Student: 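Right, I'll just put the structure down here and ask away after.
No hydrogens, no waters, no symmetry mates; every other heavy atom, side chains included, goes into these values. Keep in mind the model is a prediction, meaning the values are calculated, not measured.
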Amino acid sequence: MNKYTVTELTRTVKQLFEGTFKDNIAVKGEISSFSVSPAGHLYFVLKDEKSQIKCVMFKGSAMSMRDYNPKNGDSVEAIGELTVYEAGGNYQLLVKRMDYDSVGLFWKLFEEVKRKLEAEGLFDESRKKTVPLLPKRVAVVTSATGAAIKDFLVTMKNTGGVFAVDVWSVPVQGKDAIAPIVKALNSAGAMTHRYDALVLMRGGGSLEDLAVFNEEQVARAFSACAVPTVSAIGHERDFSICDFVADLRVATPTAAATHLCTGYVNAVRDVENHKKRMAELMLNRLYQNVQRLDMLQAGVIAASPLHRINRDRQRLAYLGKSLMADIKEIINKKNTHLSELAGILQSLSPAARVQKDRRQLDGLLSVLRERTQTGLNRVSVRTDRLHARISLLSPMRRAEKYMNNVERFETRMIVSTQKKTAENKARLEPLMAKLCTLNPDNLLKKGYARVSANGKAVRSVFDVRLQDELEIRLKDGYISSFVTGRKVSEEKDGKDPDHD
């Protein structure tokens, strides 16, 4: 028994595939699960009645399709290489060219059913019923174990809905789901005495997953419901025939719960607003009555004899205070006049004349001190001049002269050394420039790149194979890329010079 690692086994399968399908092959099928990556690569599935295969078309090949934009439901012929994607462990078709064939079978059936029911008037707005704002009980036709019913119930609880929910559990995918769904719709849709609304729901999925909701039998049963109906199938971008016949279409199961709870949310808000308004009106009425009572009480008090006596007492107290204030003002004026007379008498006394003579004597002493200080300053200046003349004739003066000469010689030496250094630097700079031009990293800054695959430098197109991962080094980092094609220059004539 042979033993393999996962990588070894996958690589062996890859070699078998690529060895068996060496040339490009053409595959016909219908596009499904189509998506475009942010980098511009196309990912989709080609399917027929029984099988499907994953496909990838890189941006370079996709840009060559100028007259065709692929979409789900298109029947096409894809030409490319059959490869194994090792990281995912699945085989895929690496599409290089794609030609439009016709509209796929799924879309043909979809349009046929849609046109038929529309012609019968099942889509008319005039026949659509209004979903109640405050439903008491709602029937939900969906899978009891799916994520859709869980999202519906959680949203209902968080939003504040208080209606009851009956779950009619049915399969929501495949041909076997048609009969259970129709039976549940016929039964629940007729119970107008029990249900205020009926919700047909399923989470998102591929076109094949939602195909059951495009069946004519399901759409007719949904349209025939006497109970107002809500369609909550798939996501915002998904549409089904049931969406057109429903009385109300919402994007998701969560949106269905939100819509059914809207009336309760608005009712709670209205009740709260009315409560606040009633409280405000009652409070305002109370304040008005209190003010009126205060006014009546004030009128009674003002007319009573006791109030008149208190008023006269207050006036008497005010007149007494005014009289005391006038008496105090007269006394203060008399005191001020007496103080002025005392000042005049004091200026004419002998003590005041002695004080004046003392101030004059202090002024004469101050002038004498200033003139004495001026004479001393002149003598000090003359002494300083004599000291300066003596210092010019001293030995220290000659020593300072010699020190100045030494400093001049030192300055000249520094200037000479700096000049020599500048000359050497000028000779060194061209050599450094030549050295920089030989630095490989500087070549990257000019726009060149260094390419390697599997840790080895790529020197020729024969060093790489399709789907090899390349590492491209630039001046500011690395780029990882996959090989989607290679072309040999004409002068090489398609031959590997190392394998001649």
Side-chain angles (χ1 to χ4, degrees), residues 125 127-173 177 180-205 209-210 212-213 218-219 221-279:
E125 292 294 330
R127 61 171 299 279
K128 294 185 182 296
K129 300 177 286 297
T130 302
V131 179
L133 292 176
L134 298 172
K136 297 179 180 179
R137 183 176 291 273
V138 175
V140 179
V141 180
T142 186
S143 172
T145 59
I149 186 61
K150 296 178 182 178
D151 294 341
F152 181 88
L153 295 176
V154 170
T155 303
M156 183 190 75
K157 180 179 179 182
N158 295 338
T159 308
V162 294
F163 53 85
V165 177
D166 291 345
V167 179
W168 292 67
S169 181
V170 296
V172 291
Q173 182 174 334
I181 293 176
V182 171
K183 182 179 178 180
L185 292 176
N186 291 335
S187 300
M191 297 181 180
T192 55
H193 61 284
R194 179 177 178 83
Y195 298 122
D196 299 309
L198 185 150
V199 182
L200 179 62
M201 72 167 62
R202 179 208 152 87
D209 296 337
L210 304 179
V212 66
F213 300 102
V218 176
F222 198 37
S223 174
C225 290
V227 177
T229 57
V230 179
S231 175
I233 301 168
H235 298 303
E236 182 67 40
R237 57 183 173 82
D238 300 325
F239 275 92
S240 66
I241 299 297
C242 288
D243 291 334
F244 296 105
V245 301
D247 296 323
L248 174 67
R249 188 260 174 182
V250 294
T252 61
T254 300
T258 302
H259 181 83
L260 293 174
C261 294
T262 301
Y264 288 94
V265 175
N266 293 336
V268 171
R269 184 177 62 248
D270 292 342
V271 170
E272 291 297 327
N273 291 336
H274 288 314
K275 286 172 61 178
K276 291 180 180 179
R277 181 58 180 165
M278 289 178 63

Student: Looking at P135, is its backbone amide N or carbonyl O close enough to the side chain of D196 to form a donor-acceptor pair, meaning the two atoms are under 3.5 Å apart?
Tutor: no
Student: Taking all atoms of both residues into account, what is the closest heavy-atom pair of S223 and V245, and its distance?
Tutor: CB-CB, 4.0 Å
Student: Taking side chain to side chain donor-acceptor pair (under 3.5 Å) as the test, write out the residues that go with N158, two or more places apart.
Tutor: none
Student: Testing the basics here: between R202 and F213, what is the closest heavy-atom pair and its distance to 0.1 Å?
Tutor: CD-CE1, 3.6 Å
Student: Should the ring pair W168 and Y195 be called parallel, tilted or perpendicular, given that the plane angle runs from 0 to 90° and is split at 30 and 60?
Tutor: perpendicular
Student: Contact between L185 and L198 at the side-chain level, heavy atoms closer than 4.5 Å - yes or no?
Tutor: yes
Student: Between I233 and C242, which heavy-atom pair has the shortest distance, and what is it?
Tutor: CD1-CB, 3.9 Å
Student: Nearest heavy-atom pair of V199 and A256: which atoms, and what distance?
Tutor: CG1-CB, 4.3 Å
Student: Between L260 and M156, is there a side-chain heavy-atom distance shorter than 4.5 Å?
Tutor: no
Student: Only one of R127, K128, K129 clears side-chain hydrogen bond (donor to acceptor under 3.5 Å, both in side chains) with D247; which?
Tutor: K129
Student: Do the non-hydrogen side-chain atoms of L248 and P228 ever get within less than 4.5 Å of each other?
Tutor: no
Student: Quick one: does V165's side chain get under 4.5 Å of F152's, heavy atoms only?
Tutor: yes
Student: For A184 and V170, which heavy atoms make the closest approach, and how far apart are they?
Tutor: CB-CG1, 3.9 Å
Student: Mind checking whether K275 and R277 have side chains closer than 4.5 Å, heavy atoms only?
Tutor: no
Student: How many angstroms lie between atom OG of S143 and atom NZ of K150, to the nearest 0.5 angstrom?
Tutor: 9.5 Å
Student: Measuring from L133:CG to H259:NE2, what's the distance to the nearest 0.5 Å?
Tutor: 7.5 Å
Student: T142 side chain to I149 main-chain N or O, any donor-acceptor pair under 3.5 Å?
Tutor: no
Student: Looking only at heavy atoms, what is the nearest atom pair of T155 and D151, with distance?
Tutor: OG1-O, 2.8 Å
Student: Hey, mind stepping through D166 and V138 against side chain to side chain contact (heavy atoms under 4.5 Å, CB included) and telling me if it holds?
Tutor: CA-CA 6 Å; D166 291 345; V138 175; over 6 Å; no
Student: What is the distance from atom CZ of R249 to atom CG of L200, rounded to the nearest 0.5 Å?
Tutor: 12.5 Å
